[in-house]
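Structure first, then comments.
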Amino acid sequence: MTVPPGPPSPARWFEPLADHLGAAYLRYSFTYGTEQEATFLAGVLDLQPGAVVLDVGCGPGRHVAALARRGAHVVGLDLSARFLEVAARGAGPLGDRGGSARYVRADAGALPLRPGSVDAVVSLCQGGFGLMAGPGVADGGVGADGWGASPLAGDPDGDVLVQMAQAVRPGGHVVVSAFSSYFQVRYLEDHDAFDATRGVNHERTEIRSETGLTTTADLWTSCFTPRELRLLAERAGLVVRATWSVTPGDYARRPAGTDHPELLLVAVRPL
């Protein structure tokens, strides 16, 4: 597996955080449920041997490797060269099901794929979808007074979803996970600040590198209601099959509610 060079990408607030974390990202407990998530996704996608899957914002490649071990040909795309180095180094044996994994450095806002070129597209754990509404990013022309265009018009995360929908073949699936606005507001912590106008949570926290070096970091994560996800998916030309409430490591066909931190959107590009 190699990390092919990619063209320069626009600066994103999360790139230096990924560079600082490196493999230490995989120490966070939310990464421990990768195998359960991959098994669940393989069933939802009806993943057949040889299927081509794109993982947008793959990070250190944990879902890329897990889906490849289930026989898929998976392309992991991420902006962080550091994360891709970790992914290429740490994937390990892919088993005997004929799957493969490769990695491309690119921005989720400019997917370097031909339309309809993959069988399925996923973006999980706020890898690509959910991280685009950071500082200095306009959101649908909404001003500080709350007046302006609909937040769905020009939504930066919605624009990523549009590109994901274009990349998948007709009849193929698009699956994204997203922070739940309901859960985030219900269990808002002291170090969080939720912008209700934009639906973006700002968290100030400490992150630790592989060598134990700590730094203070600001995280901006878009949060969604099930209705918002459905409207964004429909704007992207997708047909929504389901929106489930999930927890990392506990993906299930669970009706949307307020007790789980993430939502899992499953949609199909119509024939």
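Note: hydrogens, waters and symmetry copies are ignored here, and every other heavy atom, side chains too, is used.
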Q. Does Val53 reach the side chain of Leu47, with side-chain heavy atoms less than 4.5 Å apart?
A. yes
(Q) Checking the side chain of Arg235 only, and the main-chain atoms of Gly158 only, is there a donor and an acceptor separated by less than 3.5 Å? (A) yes
Q: Locate the shortest heavy-atom distance separating Leu238 from Ala267; write the atom from each residue and the value.
A: CB-CB, 3.9 Å
Q: Return yes if a side-chain donor-acceptor contact under 3.5 Å exists between Arg198 and Ser222, otherwise no.
A: no
Q) Any side-chain heavy-atom pair from Asp46 and Gln48 closer than 4.5 angstrom? A) yes
Q.
Are more than 12 heavy atoms, taken from residues, nucleotides or ligands other than Arg186, located less than 6.0 Å from that residue's CZ atom?
A. yes
Q: May I ask you to decide if Gly130's main-chain N or O and Asp157's side chain share a donor-acceptor pair within less than 3.5 Å?
A: yes
(Q) I'd like to know if the side chain of Tyr32 and the backbone of Arg27 have a donor-acceptor N/O pair within less than 3.5 Å. (A) yes
Q) Between the side chains of His202 and Asp218, is a donor N or O closer than 3.5 angstrom to an acceptor N or O? A) yes
Q) Taking the side chain from Arg269 and the backbone from Gln166, do they hold a donor-acceptor pair closer than 3.5 Å? A) yes
Q) Distance only, no hydrogens: is a donor on one side chain within 3.5 Å (strictly under) of an acceptor on the other, for Ser245 and Arg254? A) no
**Q.** Main-chain N/O of Ala51 paired to Asp119 side chain as donor or acceptor, under 3.5 Å
**A.** no
Q.
Checking side-chain polar atoms at under 3.5 Å, does Thr214 have a donor or acceptor matched by the opposite partner on Arg208?
A. no
Q: Spell out, as yes or no, whether a donor-acceptor pair under 3.5 Å connects the side chain of Glu228 to the backbone of Thr225.
A: yes
Q.
With a 3.5 Å distance limit and no angle check, can you tell me whether Ser123 reaches the backbone of Val56 through a side-chain donor-acceptor pair?
A. yes
(Q) Would the distance check show the side chain of Thr39 and the main-chain N or O of Glu35 forming a donor-acceptor pair, the cut-off being under 3.5 Å? (A) yes
**Q.** Short side-chain to backbone donor-acceptor contact, Gln36 and Tyr251, under 3.5 Å
**A.** yes
Side-chain atoms of residues 178-185: list all donor-acceptor pairs with protein atoms under 3.5 Å, sequence neighbours left out, distances to 0.1 Å.
| from | atom 1 | to | atom 2 | distance (Å) |
| --- | --- | --- | --- | --- |
| Ser180 | OG | Tyr182 | N | 3.3 |
| Ser180 | OG | Phe183 | N | 3.2 |
| Ser181 | OG | Cys223 | O | 3.3 |
| Ser181 | OG | Phe224 | N | 3.1 |
| Gln184 | NE2 | Asp192 | OD2 | 3.2 |
| Gln184 | NE2 | Asn201 | OD1 | 3.3 |

Q) Would a 4.5 Å heavy-atom cut-off, applied to side chains only, mark Glu37 and Leu124 as touching? A) no
